[in-house]
Amino acid sequence: MSRSMRRPKAREVVMVALLSALTVVGNLMSVSVLPIQAGTGMVIVSGVAFGPGVGFLVGALARFVNNFFQGQGSWTIWQMMTWGLLGALSGVVFNKVDLDKPKSRDFKVVIGPVVFVLLAELLAYLSYMVFPMGETTFWGWRLYAFGAAGLLLGMMFQRKQLPIDDITLSVFTFLVVFIIYGGIMNIATMFTGAVVSGDISRETLKGLYITGAPFDLWHSIRATIFVFLFGEKLIRKLERVKIKYGFYRIRK
């Protein structure tokens, strides 16, 4: 039986369930107690530590369970998909944890996602100046669409190469939460709201991207603070758990 088709071991299922439970608890505490976004941060940590497969499972399962407490609805599938995507992307771009390597910050992140995102946003601004399309501000759909293209290209360019340190993790978290999570959930807001209003249009989506930007920014900042404070420490702890109990790192 091939590795991709083999049955998961019991300890692997338990670890996914445990990480999902921690993510749910962290998210609920972030809503009511903590000034940081521990739920989104834990999804990213899970992806970095165990790879894209586990990252996606933790994100999707945790969001589904979380919404039993915060409310299920047509938005749940969008949130499951988006949290899962954050976990999967995190597992794709970061390199394997080296527990014996001294803590360092080599800032390899600047040659990957950051540079591509900055170049993409510059193109977005130029496109706004040349083709405004009746828009009165640059801070809208272009910020997300061009940013997402740049971020994904940067991830492909630096796949499995990003170092695991607090600065790199924080920069990655800020970009992926604001651009990917925010970009998709603004689309979700239009479609879920259309159940009541019946309004699905390009103008509606443009308005949602403009009004949603402050909320997406606040979400990304809170998740970044969590990852900066606890991300590297949690990943190193999880790496020791993997070594002790014989987990493998899913890389597809």
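Atom set for the values below is all heavy atoms of this structure, side chains included, hydrogens, waters and symmetry mates excluded. Note that this is a predicted model, so its numbers are computed, not measured.
- The ring pair (Phe, Tyr, Trp, His ring centres under 6.0 Å) check on Y125 picks up F138, with sequence neighbours excluded.
- Taking each heavy atom of G150 and A120 in turn, the nearest pair found is CA-CB, 3.8 Å.
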Note to self: Please determine whether side-chain contact (heavy atoms from CB on, under 4.5 Å) holds for the pair I180 and L89, giving the CA-CA distance in whole Å, both sets of side-chain angles, and the decisive distance to 0.1 Å.
What the structure shows: CA-CA 10 Å; I180 302 299; L89 291 175; 4.3 Å; yes
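- Not counting sequence neighbours, the partners of M185 by the side chain to side chain contact (heavy atoms under 4.5 Å, CB included) test are W78, Q79, T82, Y181, A188.
- The CG atom of D166 lies 7.0 Å from the NZ atom of K233; values are rounded to the nearest 0.5 Å.
- Every residue two or more places apart in sequence or in another chain was checked for a side-chain hydrogen bond (donor to acceptor under 3.5 Å, both in side chains) with R222, and none qualifies.
- For N27, the side-chain hydrogen bond (donor to acceptor under 3.5 Å, both in side chains) partners are Q37, N66, Q70, not counting sequence neighbours.
- The shortest non-hydrogen separation linking G26 to A38 is O-CB, 3.6 Å.
- In summary, the side chains of T189 and N186 do not present any donor paired with an acceptor at a separation below 3.5 Å, with no hydrogens or angles considered.
- Separating the CH2 atom in W75 from the CE atom in M80 is a distance of 14.5 Å, to the nearest 0.5 Å.
- Atom CD1 of I187 is separated from atom CH2 of W141 by 11.5 Å, given to the nearest 0.5 angstrom.
- A donor-acceptor pair under 3.5 Å is absent between the side-chain atoms of T204 and the main chain of I200, judged by distance alone.
- Linking ILVMFWY side-chain heavy atoms closer than 4.5 Å, directly or via other members, places L234 and I167 in a single hydrophobic cluster.
- Residue V177 is not grouped with residue F56 when hydrophobic side chains (ILVMFWY) are merged at heavy-atom distances under 4.5 angstrom, including chains of intermediate members.
- Annotation: side chain of L119 is not in contact with side chain of L123 (no heavy-atom distance under 4.5 Å).
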Item checked: Full working for side-chain contact (heavy atoms from CB on, under 4.5 Å) between L19 and L238 -> CA-CA 10 Å; L19 290 171; L238 290 172; 4.1 Å; yes
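- The side chain to side chain contact (heavy atoms under 4.5 Å, CB included) check on V25 picks up M29, with sequence neighbours excluded.
- Y144 pairs by the ring pair (Phe, Tyr, Trp, His ring centres under 6.0 Å) definition with F178, Y209, not counting sequence neighbours.
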Throw together a table of side-chain donor-acceptor distances under 3.5 angstrom for residues 39-46, partners on residues two or more places apart or in other chains.
from, atom 1, to, atom 2, distance (Å)
T40, OG1, W83, NE1, 3.2
T40, OG1, H219, NE2, 2.8
S46, OG, M42, O, 2.8

Next item on the list: Give the C-alpha distance, both sets of side-chain angles, the deciding distance and a yes or no for salt bridge (Lys or Arg N to Asp or Glu O under 4.0 Å) between E239 and R236.
Entry: CA-CA 5 Å; E239 194 69 16; R236 292 173 70 85; over 6 Å; no
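- Cluster membership for F215 and M190, using ILVMFWY side-chain heavy atoms within less than 4.5 angstrom, is not shared.
- Contact between F116 and G154 at its shortest, heavy atoms only, is CD1-CA, 3.6 Å.
- Hydrophobic clustering places I235 together with F174 (ILVMFWY residues linked when any side-chain heavy atoms are closer than 4.5 Å, directly or through intermediates).
- For the ring pair (Phe, Tyr, Trp, His ring centres under 6.0 Å) test, no residue two or more places apart in sequence or in another chain qualifies with F131.
- Within the 3.5 Å criterion, the main-chain N or O of E232 finds no donor-acceptor partner in the side chain of K237.
- Summarising the geometry, atom CZ belonging to F94 is positioned 8.0 Å from atom CG belonging to D165; distances are rounded to the nearest 0.5 Å.
- I225 pairs by the side chain to side chain contact (heavy atoms under 4.5 Å, CB included) definition with I36, I221, L229, not counting sequence neighbours.
- In this structure a side-chain-to-backbone donor-acceptor pair under 3.5 Å is missing from S20 to L61.
- Atom NZ in K242 sits 10.0 Å away from atom CE in M15 (nearest 0.5 Å).
- Linking ILVMFWY side-chain heavy atoms closer than 4.5 Å, directly or via other members, places M129 and L143 in a single hydrophobic cluster.
- In this structure, V92 and P52 approach most closely via the heavy-atom pair CG2-CB, 4.0 Å.
- Residues satisfying the side chain to side chain contact (heavy atoms under 4.5 Å, CB included) test with F69, not counting sequence neighbours, are V24, L28, V65.
- Shown here are the side-chain hydrogen bond (donor to acceptor under 3.5 Å, both in side chains) partners of T76, two or more places apart in sequence or in another chain: N67, Q72.
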Margin query: Quick one, V93 with F172, criterion side-chain contact (heavy atoms from CB on, under 4.5 Å). Give me CA distance, side-chain angles, the key distance, then yes/no.
Written below: CA-CA 10 Å; V93 298; F172 172 82; 3.7 Å; yes
Check: Step by step, would you call S30 with F226 a side-chain contact (heavy atoms from CB on, under 4.5 Å)?
Finding: CA-CA 10 Å; S30 298; F226 174 84; over 6 Å; no
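- Here Y128 pairs with nothing under the ring pair (Phe, Tyr, Trp, His ring centres under 6.0 Å) rule; sequence neighbours left out.
- Contact between L217 and S220 at its shortest, heavy atoms only, is O-OG, 2.8 Å.
- Atoms CD1 and CG, from I184 and L85 in turn, are 5.0 Å apart once rounded to the nearest 0.5 Å.
- With hydrogens and angles ignored, the 3.5 Å screen pairs no side-chain donor or acceptor of T168 with any backbone N or O of I164.
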